[in-house]
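What follows is one structure encoded as structure tokens, with my remarks underneath.
Indexing begins at 1, ligand by ligand and atom by atom, following the structure's order. The model shown is predicted, which means the values in this text are computed figures rather than measured ones.
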Amino acid sequence: MDRIILHVDMDSFFAQIEEVYNPQFRGKPIVVGADPKDGKGRGVVSTANYLAREYGIHSAMPISQAYRLCPSAIFLPVNGRLYTQVSGRIMSIIQKFGKEVEQVSLDEAYVDLSNAGSFKDAEEIANRLKQEILKQEKLQCTIGIGPNKMIAKIACEKGKPNGLKVILPDQVEPFFNPLSIEDIPGIGPKTAARLEKLARVHDLKVQDLKRTPKEELVKELGVVGEDIFDRIRGIDETPVSSEHVVKSIGKEYTFDQDTRDPEALLSVFNELIEDVFEEISSQGFSFKAVTVVMRFSGFETHTKSKTLERISKDKKQLKSEAMKLFLKFLMANPKPVRLLGIRVQV
Ligand code: TTP
Ligand code: MG
């Protein structure tokens, strides 16, 4: 029997919340993220509303660049506490629409609607879910529906903003063929570049990559190649599971000036540990992996992670694991540090 999977993702989440709570900003480009400091700010954009995106502004772009693209935009700081509260209420609404719900981030979840009976019925349910979120929170979202999680997610991406896009099983192949390979979850710019070289095609589409035999993909990319072979054919059997919830809590800091000053680095490191630990403990979570993110001069960004043997609630352990990763970074890279971030998987 075909599965029916729904993927819901809020539109420009942080920025949309700001519009709801500050109606005076509606109809204007909004950028949520670091302080632009008249173009001298050094952090990044968390997100921008769709009006600001028309200027080319997007998540993870340096805030100074966003400022240059649209100096008259409304620039707002990240109000994490508010967004977490809104997210919690949205997730409770989604829970009412299906037995198996998997939250994947603050603004994104999968629902298994296989027992809805038909894609038509699932579409009806999706419409009601959209209306309910709009009624209760005044927020728009986009929903994708398909025979598995990956197809539902891509449908959602393609349906944005404020859309509802259904891909029936017999539409999967024609829907997938013209997609760019970077539309397939798990294929980022680096993998895409390797695949383009391998296939000797520029601007590689799914239908082009289908001509590359499985053995070649595996030779180039190992097990990932095997996965990609299936994915471009629309195959994804991972179940929707409420137990799969991967949530991470993290904080980052951009230095006013790139630095190797041990005192500055250490004091930011300690502060980030305090902030992250406070958030973990206030929500009653344990953590099972620690990640350190470092950006060096020139915007070169790297992450290192450590999965613990046992889940932990211990602040000392958080600090010592993070410190080991932090020191490895500092020893491996002599460049001044621009940004330091610490994240845990809970
Ligand atoms: P996304 O769902 O990726 O983005 P979005 O909701 O802003 O926009 P859309 O889904 O319509 O494309 O991420 C959800 C929130 O997570 C986003 O509002 C802000 C935050 N976020 C960051 O802080 N940094 C990032 O690099 C990204 C991608 C998201
Ligand atoms: Mg979103």
- prompt: With a cut-off of 6.0 Å (strictly less than), are more than 12 heavy atoms of other residues, nucleotides or ligands near CD of Glu263?
  reply: no
Interatomic distance, CD1@Ile94 vs CD@Glu102, rounded to 0.5 Å, equals 12.0 Å
- Are the side chains of Val45 and Ile63 in touch, meaning some heavy atoms are under 4.5 Å apart? yes
* **Phe175 vs Ile154 side-chain heavy atoms within contact, under 4.5 Å** => yes
**Electrostatic pair Asp256:Lys37 at N-O distance under 4.0 angstrom** = yes
Taken by chain and residue number, the protein N/O/S atoms under 2.8 Å from the Mg ion (ligand 2) read Asp9 OD1, Met10 O, Asp107 OD2
Shortest non-hydrogen pair, Lys149 vs Pro239, comes out as NZ-O, 3.2 Å
Shortest non-hydrogen pair, Ala152 vs Leu6, comes out as CB-C, 4.3 Å
Check your understanding: Among the clusters formed by ILVMFWY side chains lying less than 4.5 Å apart, do Phe14 and Tyr55 turn up in the same one?
Key -> no
Decide whether Gln16 and Tyr50 meet the rule of one side-chain donor and one side-chain acceptor closer than 3.5 Å. no
Those residues with a heavy-atom separation under 4.0 Å from ligand 1 are Asp9, Met10, Asp11, Ser12, Phe13, Phe14, Ser46, Thr47, Tyr50, Arg53, Ser59, Asp107, Lys160
